[in-house]
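The structure appears right after this line, and notes come after that.
Quick note on labels: first sequence line is chain A, next is B, and so on, each numbered from 1. Computation of the quantities below employed the complete heavy-atom set of this structure, encompassing side-chain atoms and omitting hydrogens, waters and symmetry-equivalent molecules.
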Number of protein chains: 2
Amino acid sequence: MTSRQGPEQGAEPAGKSLFSLQRREKLMDELRAHGSITVRAIAAELGVSELTIRRDVNLLAVEGLVSRVHGGATLPSPLDRTASMTRQQTNRYSIGMVVPSLDYYWPQVISGARAEADERQAKILVRGSTYDAADNRQQVQALLTTQNINGLIVAPDTTGEAGRELLRWLNSLPIPVVLAERRSPIEIPAHRLEWVATDHAFGAGMATRHLWQEGHRKIGCMTDSNSPTSAHVVRGWLQALGALRIPAAQSVNEDSAHVPTSDRAEHFDRILQLCRETDTTAMLVHSDTQAVAFVQHCVDRGVDVPGSMAVVGYDDEVAYLAEPAISAVRPPKQYVGRLAVQLITARISEGPKRPVHRVQLNPDLIVRDSSLGGPRSSARALEDSL
Amino acid sequence: MTSRQGPEQGAEPAGKSLFSLQRREKLMDELRAHGSITVRAIAAELGVSELTIRRDVNLLAVEGLVSRVHGGATLPSPLDRTASMTRQQTNRYSIGMVVPSLDYYWPQVISGARAEADERQAKILVRGSTYDAADNRQQVQALLTTQNINGLIVAPDTTGEAGRELLRWLNSLPIPVVLAERRSPIEIPAHRLEWVATDHAFGAGMATRHLWQEGHRKIGCMTDSNSPTSAHVVRGWLQALGALRIPAAQSVNEDSAHVPTSDRAEHFDRILQLCRETDTTAMLVHSDTQAVAFVQHCVDRGVDVPGSMAVVGYDDEVAYLAEPAISAVRPPKQYVGRLAVQLITARISEGPKRPVHRVQLNPDLIVRDSSLGGPRSSARALEDSL
DNA sequence: GTCAGGTTGTTCGATCATGATCGATTGAGA
DNA sequence: TCTCAATCGATCATGATCGAACAACCTGAC
């Protein structure tokens, strides 16, 4: 509603008179930028009398937003004895949240975010989107224009030129932005973006090492390149193979992204065939739903799990439902949501002086039956069973 | 983010006068960093009379925030009978902290950690060590056996086999461990180690891009391979060169680690010579102390800074002291300490269910005079001046 | 037009922060 | 234990800053 001028008011000290609210905003900006202000300097800069500024400072001090000192004000300091003891104000922020899916993975992230927001008396406004940059932007835009939000948590598509452009745009928004389960590239244009993401490469590595420790010496990987997670899983798997001195070139690495459900059985048969040919006795399967289907297929084909084919799923939504129950890597989804809210609220209250935070969380490995015991009678069993 | 900052800012002696509250905060910072202060030193540093400092100390002593001693003040000691008995209940946690240096870089990290610990009613026990794995271990061992600590913050040597072994040992300790300004490798044996570290590569990249934007097209790098930071600085610099399409192979990249002070002038002359030969008009210099010496040398040799040689220092301890004042990358040291304490206390109270956190913080670029304006008359001026 | 309510500016005595002086006190070394 | 230099605190002077009271101004409602 109020049209703001440029970042610096520039040449007109006494130009358009600001409303008191804008004055106080400006004052807080200066304060956050420099850590302190003098009444005199601000009064001169805004072209108002010092008394007016003093009144503003008093007002802000009552709200606990600044500490009054003789001659000016500083950021609230614990040394400030006059600080009101009623710390927890009606500090309610509105935080927008745009996630690419409302039925897979993200509900738990949202739940974590909501829990944290409750504790901080903030409100979360969620919008579902897709895994597509254009739609991401549309949803964010909708939040920005229809709601009055103080910060944004978003899990955008970061791939391709559209993804990079989207990141640049997010980086330039006037409100703080935190990416969830996404990283900003090292490029400068996104230098303000903070993020919290699960270290999926670590998780994949952990799963691979677990299979190795159980006795498997050929470990394959089944991916779903539809998901942005898959690239990290493959990276972690390859890294682990390297560390374990397993030749990656001969390892089974199949993608199921574009296999229609009708061809799934055939697809799995081909993978089992590949495993037999390469003596592969264990598979890391991205998306546990896929893992459940794969284990089911193995059981149907008489392939013993885990005796002839050990399976670790990546992600842990339904892995426990299979028979046998599937070991799975479990990303700390609740914590991702919680942390995103923590980052955004801290950023809103501390301003740009706070350094940009980028957090990785390690997933857990939940060991169930599908990966225990090591290969039994090696590839023979698998061969016999077919 | 990049912030423009006048010459007066920070801790310079005769700079802008601070408010009393800020003085007291600064005083507490110093106190937390070093454990004690002298009235004289603080008075000199802040450019105020000793009486003023004494008054501040009295004030803080009345609030129980310091213990007065003859000539200065110390952190509140239980032996101090004058302390108001309004103290809260006993500390909830004791946190050990082992840092490789007590006079460079780390005091500010300690100060941040102590400040955060105060707010969480925890106690920090600091031990100075060296940049050597064996001594790191000894100091940690000493803390473990002589004190009853609930968690450990440590900045160990992570290089070589000794470093890896040390990390394995730290990972296996029965108490939570957080690394400060160090990362654990992707290796599994350190999978429980959490860390918080400045993204020095990002900082170096930011500095390089800043120089590029100022018009420099050949940007060199001077390192100090004694420091564990240097490798990251070089990495960030090279990355940025790549992104800016500056050929790295022909770029000046010199190390000053093993140059004795006596040969320094000669060493700098050689670097200037190299810059002339390669048309290099800007240098990123690791450790701002080195940058100060380098700028001094340039001025002595009649090389105009920033006209003929622009300089950005890495680290911002003394960069503002040079003439001209040196632009510098400033790591968020206070925040590193704060965050380390946050991580360790959260880990202690939430237990192993909490996922492993690994946090990177971005440094700031403080732009001063030594890098502004771009190359003037290119390499000619540099050549003429020699 | 007028009046109420809000915001801003001016004046001036009160208050505050700081430094200088100078005895009183302290404590480390002889 | 003694001594002496360093440190401390009471007091005052000075200049800057603050706040109460009132005046001026703007705005919108009736």
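- Donor-acceptor pairing under 3.5 Å is lacking for the side chains of B/Ser36 and B/Thr74.
- Of the candidates D/dC8, C/dG9, C/dT18, D/dC8 carries the atom nearest the B/Val39 side chain, counting heavy atoms from C-beta on.
- Residues B/Ser287 and B/Asp315 bring no donor and acceptor atom of their side chains to less than 3.5 Å of each other.
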Tabulated below should be each protein N or O lying under 3.5 Å from an N or O of nucleotides 25-30 of chain C; please produce it.
none

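- Residues from residues 51-58 of chain A placing a heavy atom under 4.0 Å of any atom in DNA chain C, listed by number, are A/Leu51, A/Thr52, A/Arg55.
- One finds no side-chain N or O of A/Arg23 lying less than 4.0 angstrom from the OP1 or OP2 phosphate oxygen of C/dT7.
- Atom-to-atom distance recorded for A/Ile42:CD1 and A/Glu50:CD is 11.5 Å, nearest 0.5 angstrom.
- Mapping B/Glu50 and A/Glu50 onto DNA chain D by nearest heavy atom places B/Glu50 closer to the 5' end of the strand.
- The distance from atom CG of A/Leu46 to atom C1' of C/dT8 is 13 Å, rounded to the nearest whole Å.
- Under the side-chain contact (heavy atoms from CB on, under 4.5 Å) rule, B/Leu152 has a single partner from B/Ile95, B/Val140, B/Leu125, which is B/Val140.
- A/Asn150 and A/Ser94 are not linked by any side-chain donor-acceptor pair at a separation below 3.5 angstrom, with hydrogens and angles left out of the test.
- Surrounding CG of B/Asp300 are more than 12 heavy atoms belonging to other residues, nucleotides or ligands, all under 6.0 Å away.
- The two residues A/Ser67 and B/Leu21 come nearest to each other via the heavy atoms CB-CD2, 3.8 Å.
- By the 6.0 Å and 45° rule, B/Lys123 does not stack over the aromatic ring of B/Tyr93.
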